Amino acid sequence: MKQLSETAQKIKNMEIRGAGRIARAAAAGLRDYSQRIGIGKLEEFNNKMIEAARLLISTRPTAVSLPNAVRAVMRYKGDSIDEAKANIKELADGFILNSESAVLKIGEIGAHRIRDGDTIMTHCNSSAAISIMAAAHKGGKNISVIATESRPRWQGHLTIRQLDETGIKTSLIVDSAVRYFMKEVDLVVMGADAVTANGSVINKIGTSQLALAAHEARKNVIIAAETYKFSPKSLLGELIEIEERNSSEVIADEKLREFSNVSVKNPAFDVTPREYIDLICTEVGAIPPEMAYFIIKEYLGWGLGDMDQGLK
Ligand code: RUB
C-alpha cells in the first residue's frame with residue numbers, strides 16, 4: 001500500500017496534476033498495486049483493490065477523469081487472483097495507451113480549426129489544449145499564444161515552458177488581463193477537468209471568466225477534452241464537486257493571522273456554461289457541447305435509464 005499511498009499523496013499535493021495525467025497515474029497506480037498483492041483469497045484481493053480505488057478517488061474531487069480511469073481498471077474480471085491481475089494489467093495499460101493517443105488525436109483534430117497567423121489565448125496548463133497548438137505549429141502554421149499565469153498555483157509557467165520548447169511565440173499575462181487582451185485574440189483554447197451531460201465544462205478557476213470575455217468579443221472558445229473527462233454521474237443529476245484548496249496557496253498563514261475579519265476563498269475550478277463554448281474537441285471528433293450526452297452514452301457506456309450504475 002505504501003507506493004499507492006505515495007501516488008495518492010502526489011495527486012493530492014499536485015505533484016501529479018492535470019486531469020489526463022491524474023487519470024493515467026491512477027490507472028498505473030492500481031495496476032502496480034494489484035501486481036504486488038501477495039497470495040490470499042480472491043475476495044481479499046478484490047477488497048484490497050476496492051480500498052485502493054477509493055483512496056485514489058478521494059484525492060481530488062473535480063477531475064472526472066480520475067473516477068473514470070479507476071472505473072476502467074476496476075471492471076476487471078478473473079476467477080483467480082492471477083487472472084484478475086492479468087486483466088487489471090491489460091485494462092490499465094490499455095487505458096494509459098488510449099489516453100496518450102487521445103491527446104495526440106485531439107491535437108490533430110483541433111489543429112484544423114487554427115488558421116495561419118492566429119493568436120490563441122489559453123489558461124492554466126492543459127496537455128490536450130497544448131497538443132492542439134503544437135499540432136498547428138508542427139503543421140507549419142505561424143501561431144502565437146497568450147497564456148495566463150493561472151494564480152494561485154502558476155500553472156501558466158508550465159504552459160509557457162512547454163510552448164517555448166515547442167518553438168511557439170508566447171506572451172505571459174496576469175489573469176486579470178484576459179479581457180484587456182481579448183481584442184488581439186482569434187481563438188481561445190483550454191482544457192477540461194470535467195464535462196457534464198448538459199455540455200458545461202469544469203476547468204481551472206478563471207476559465208468561465210475568460211470564456212465570458214471571449215463570448216462578449218465574439219471569439220470562438222474550443223475546449224480540448226478526452227472522452228474520459230465526460231461525467232456519467234452528471235446523468236444522475238449529480239453536480240461536479242468544486243475543489244476548495246488551502247488558503248495558504250493565496251496568502252501566507254502568518255500574513256492571514258494579522259487580520260481578524262478576513263478569510264480566504266480558494267476554489268480551484270469553475271463551471272463554464274455551454275453557451276460560451278463553440279466546440280469540444282475530443283479524440284473521437286469535434287462536437288458541439290450539446291452532444292455531451294452522446295459521448296457519455298457511446299464512449300463511457302452510460303445512458304439514460306442506467307441509474308443503477310451510479311450505485312456501483
Ligand atoms: C489543471 C487544469 C487543466 C485540466 C486539463 O488543473 O485545470 O486545464 O486538468 O488538463 P490542476 P489536461 O493544475 O489543478 O490539476 O488537458 O492536461 O488533462
Side-chain angles (χ1 to χ4, degrees), residues 7-28 56-57 59-69 95-96 98-110 120-135 145 147-163 166 175 178 188-196 200-211 221-231 240-246 249-250 266-272 277 280-283:
T7 303
Q9 195 48 41
K10 282 185 186 162
I11 296 174
K12 211 178 170 68
N13 67 24
M14 292 177 60
E15 216 173 299
I16 299 172
R17 52 144 299 282
R21 282 191 201 88
I22 290 173
R24 290 189 289 276
L56 288 169
I57 288 177
T59 52
R60 290 197 78 188
T62 304
V64 168
S65 54
L66 174 59
N68 279 348
F95 180 87
I96 293 166
N98 284 341
S99 160
E100 286 164 349
S101 66
V103 173
L104 292 175
K105 190 78 196 157
I106 286 171
E108 268 172 47
I109 296 174
I120 298 161
M121 188 178 271
T122 193
H123 184 52
C124 195
N125 177 251
S126 157
S127 30
I130 289 179
S131 177
I132 293 179
M133 300 170 219
V145 175
T148 59
E149 287 177 313
S150 311
R151 282 270 293 142
R153 295 293 297 243
W154 313 99
Q155 287 93 334
H157 290 190
L158 300 171
T159 296
I160 58 168
R161 181 169 298 281
Q162 286 163 13
L163 292 172
T166 314
D175 297 339
V178 293
V188 174
V189 182
M190 300 183 282
D193 274 72
V195 182
T196 63
S200 298
V201 166
I202 292 86
N203 191 50
K204 181 56 53 198
I205 189 79
T207 299
S208 68
Q209 198 166 272
L210 206 161
V221 173
I222 292 184
I223 297 294
E226 303 90 302
T227 48
Y228 55 79
K229 307 253 177 87
F230 287 65
S231 165
I240 306 283
E241 185 183 335
I242 301 292
E243 178 182 6
E244 180 77 31
R245 294 190 65 87
N246 202 282
E249 291 186 346
V250 181
N266 185 21
F269 300 97
D270 65 18
V271 183
T272 302
I277 300 161
I280 302 181
C281 189
T282 77
E283 73 276 22

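As a basis for the values below, the full set of heavy atoms in this structure was taken, side chains included, without hydrogen atoms, waters or symmetry mates. Order of appearance sets the numbers: ligands from 1, and atoms from 1 within every ligand. Everything quoted here is computed from the prediction, not taken from an experiment. The first residue of the sequence shown is numbered 1, and numbering continues consecutively from there.
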Evaluate [X] for polar contact with ligand 1, using N/O atom pairs at a separation under 3.5 Å.
X: C124; result: no
X: I22; result: no
X: K204; result: yes
X: G18; result: yes
X: G191; result: no

side-chain hydrogen bond (donor to acceptor under 3.5 Å, both in side chains) partners of R153, counting only residues at least two apart: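 Listed in chain order: E249.
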Can [X] be said to touch ligand 1, with heavy atoms closer than 4.0 Å?
X: E243; value: no
X: A192; value: yes
X: K229; value: yes

Reference residue T159; test side-chain hydrogen bond (donor to acceptor under 3.5 Å, both in side chains); the match among T148, N125, T122: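 It is N125; the other options fail the test.
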Closest protein heavy atom to [atom], given as residue, atom name and distance to 0.1 Å:
atom: atom 18 (O) of ligand 1; value: G20 N, 2.7 Å
atom: atom 2 (C) of ligand 1; value: D193 OD1, 3.3 Å
atom: atom 16 (O) of ligand 1; value: S126 OG, 2.7 Å
atom: atom 17 (O) of ligand 1; value: S127 OG, 2.5 Å
atom: atom 13 (O) of ligand 1; value: R17 NE, 2.4 Å

Modelled atom types, side-chain donor and acceptor of D193 and T62, under 3.5 Å: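 Side chains of D193 and T62: no pair found under 3.5 Å.
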For [X], atoms of ligand 1 separated by under 4.0 Å from a heavy atom:
X: N125; result: 3 (C), 10 (O)
X: Q155; result: 11 (P), 13 (O), 14 (O)
X: N203; result: 2 (C), 3 (C), 4 (C), 7 (O), 8 (O)

Full working for side-chain contact (heavy atoms from CB on, under 4.5 Å) between I242 and V271: CA-CA 9 Å; I242 301 292; V271 183; 4.2 Å; yes
Ligand 1 contact on M14 by region, counting heavy-atom pairs under 4.0 Å: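 Answer for M14: side chain.
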Structural part of R60 in contact with ligand 1, heavy atom criterion under 4.0 angstrom: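 Side chain only.
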